[in-house]
2 protein chains.
Amino acid sequence: MKFSKDIATLCKEHGLRLTEPRKVIMQVLADSSDHPDAVELHRRVSEISPGVAIATIYRTLALLEEKGVLEKHTFGDGRARFESADQEHHDHFINIETGDVIEFRSDEIERLQEEIARQHGFDIVSHKLEIYVRPAKKGRRRAG
Amino acid sequence: MKFSKDIATLCKEHGLRLTEPRKVIMQVLADSSDHPDAVELHRRVSEISPGVAIATIYRTLALLEEKGVLEKHTFGDGRARFESADQEHHDHFINIETGDVIEFRSDEIERLQEEIARQHGFDIVSHKLEIYVRPAKKGRRRAG
DNA sequence: GTAGATGCAAACGGTTTGCGACAAT
DNA sequence: ATTGTCGCAAACCGTTTGCATCTAC
């Protein structure tokens, strides 16, 4: 996950103290290429800094979301996942066989959404498109 | 909410006993034009049949989902909501000012999703598009 | 009569919070 | 020194489950 600025700068800019738990949590996020949930994040953080409480993970994530640094997503399974908010908006494929989350973007879909919302008399505040997929298997006829 | 068949028939067809709680739960669902969550459903059921436990609500909903009679949705707030599964697929607007859920359908968006999934080497299993909206207010400059 | 369904209460899993201790500024 | 942050444990909320009882078939 890529942040717009380095960790110390992000904290300073948002009036957050640069504490050890925060450094580790943000570093782990920065080093993650997937979308870990809080419990998985806690596991990874604990490998580096065993004392960090899961409450601190949640508080830090909530804080970073509040500051607009992270975006929260909930992909059906009840657990929240986070990603950097400074990226361009995108949607997600969720590979139901592996749990992997893959990002994609379609300007055409974005545009259609705007159009449909307008037709219904709405302004879009945000949206979420999740496509649950499995790897394409040509000629596949039954589940295997 | 409209079911494809009457309640007795639905139960019989799926090997479910036609019990009093089930009759009431399904009747309340049939009479609902919105998408109540389990707790709200329990509240409505309790007005008619005060003895029904919330566990029975959950069990009945899970059973009906399993039998393909209902579809489960989770709109961000953590609570599951249900709708009849025999309708044509559609997506949802969620009015963030009122909590109302409005259904819509766009064949064009459906088609684009298929196309993009194919480009990524995926088969779509299901998908979920939720557009969080507020009523359009022309010239609106600040929140009110 | 029997298996399935129910009510109750306790358990669950993810998340949040109150509190006193602690440490970044 | 001040105030934000921390770890801990308990609370929370929606949901699920074990168990004894009940009831539709």
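Below, read A as the first sequence line, B as the second, and so on, with proteins coming before strands; counting in each chain starts at 1.
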**Student:** Checking B:Ser84 side chain against B:Lys2 main chain: does a donor-acceptor pair fall under 3.5 Å?
**Tutor:** yes
**Student:** Let me know, please, whether B:Asp77 or A:Leu63 comes out on the 5' side of the other along DNA chain D by nearest nucleotide.
**Tutor:** A:Leu63
**Student:** Hey, is A:Glu114 close enough to A:Arg111 for a salt bridge, meaning N to O under 4.0 Å?
**Tutor:** no
**Student:** Could you check which of C:dG7, D:dC8, D:dT16 has an atom nearest any side-chain atom of B:Lys72?
**Tutor:** D:dT16
**Student:** What is the distance, rounded to the nearest whole Å, between atom CG of B:Leu61 and atom P of D:dT16?
**Tutor:** 9 Å
**Student:** Rounded to whole Å, please give me the gap between CD1 in B:Ile54 and P in D:dT17.
**Tutor:** 15 Å
**Student:** Is A:Arg43 paired with A:Glu47 through a side-chain N to carboxylate O contact shorter than 4.0 Å?
**Tutor:** no
**Student:** Who are the ring pair (Phe, Tyr, Trp, His ring centres under 6.0 Å) partners of A:His120, not counting sequence neighbours?
**Tutor:** B:Phe93
**Student:** In whole Å, I'd like the distance from the CD atom of B:Glu65 to the P atom of D:dT15.
**Tutor:** 12 Å
**Student:** Rounded to the nearest Å, what distance is computed from the CD1 atom of residue B:Ile57 to the P atom of nucleotide C:dC8?
**Tutor:** 13 Å
**Student:** Nearest-nucleotide wise, let me know which of A:Thr60 and B:Ala80 is further upstream toward the 5' end of DNA chain D.
**Tutor:** A:Thr60
**Student:** Can you find an N or O donor on one side and an acceptor on the other, under 3.5 Å apart, linking the side chain of B:Arg59 with the base of D:dG18?
**Tutor:** yes
**Student:** Which heavy atom in B:Thr56 sits nearest to a heavy atom in B:Pro21, and how many Å separate them?
**Tutor:** CG2-CB, 3.9 Å
**Student:** Below 3.5 Å is the cut-off: list the nitrogen or oxygen pairs between protein and nucleotides 23-25 of chain C, distance only.
**Tutor:**
| from | atom 1 | to | atom 2 | distance (Å) |
| --- | --- | --- | --- | --- |
| C:dA24 | N3 | A:Arg17 | NH1 | 3.4 |
| C:dT25 | OP1 | A:Leu18 | N | 3.2 |

**Student:** Rounded to the Å, how far apart are B:Glu40 CD and D:dT15 P?
**Tutor:** 13 Å
**Student:** Can you identify which nucleotide, out of D:dT15, D:dG7, C:dT16, has its nearest atom closest to the B:Arg79 side chain?
**Tutor:** D:dT15
**Student:** Does D:dT15 have its OP1 or OP2 closer than 4.0 Å to a side-chain nitrogen or oxygen of B:Tyr58?
**Tutor:** yes
**Student:** Calculate the interatomic distance between B:Lys23 atom NZ and C:dA5 atom P; express it in whole Å.
**Tutor:** 15 Å
**Student:** Please list, chain by chain and in numerical order, all residues satisfying side chain to side chain donor-acceptor pair (under 3.5 Å) with A:Glu13, sequence neighbours excluded.
**Tutor:** A:Lys5
**Student:** Please state how far atom CD1 in A:Ile25 lies from atom C1' in D:dT5, giving the value in whole angstrom units.
**Tutor:** 11 Å
**Student:** When we call it a touch if two heavy atoms are under 4.0 Å apart, what does A:Ala62 touch: a base, just sugar-phosphate, or nothing?
**Tutor:** nothing
**Student:** Taking the six-membered ring for Trp, are A:Phe75 and A:His73 parallel (under 30°), tilted (30 to 60°) or perpendicular (over 60°)?
**Tutor:** parallel
**Student:** Separation of B:His14 atom NE2 from C:dG4 atom P, in whole Å?
**Tutor:** 17 Å
**Student:** For B:Val52, answer base if it contacts any base atom (sugar-phosphate contacts may also be present), sugar-phosphate if it contacts only those atoms, and nothing otherwise; contact means non-hydrogen atoms under 4.0 Å.
**Tutor:** sugar-phosphate
**Student:** Can you find a side chain N or O atom of A:Arg22 that sits less than 4.0 Å from OP1 or OP2 on D:dC6?
**Tutor:** yes
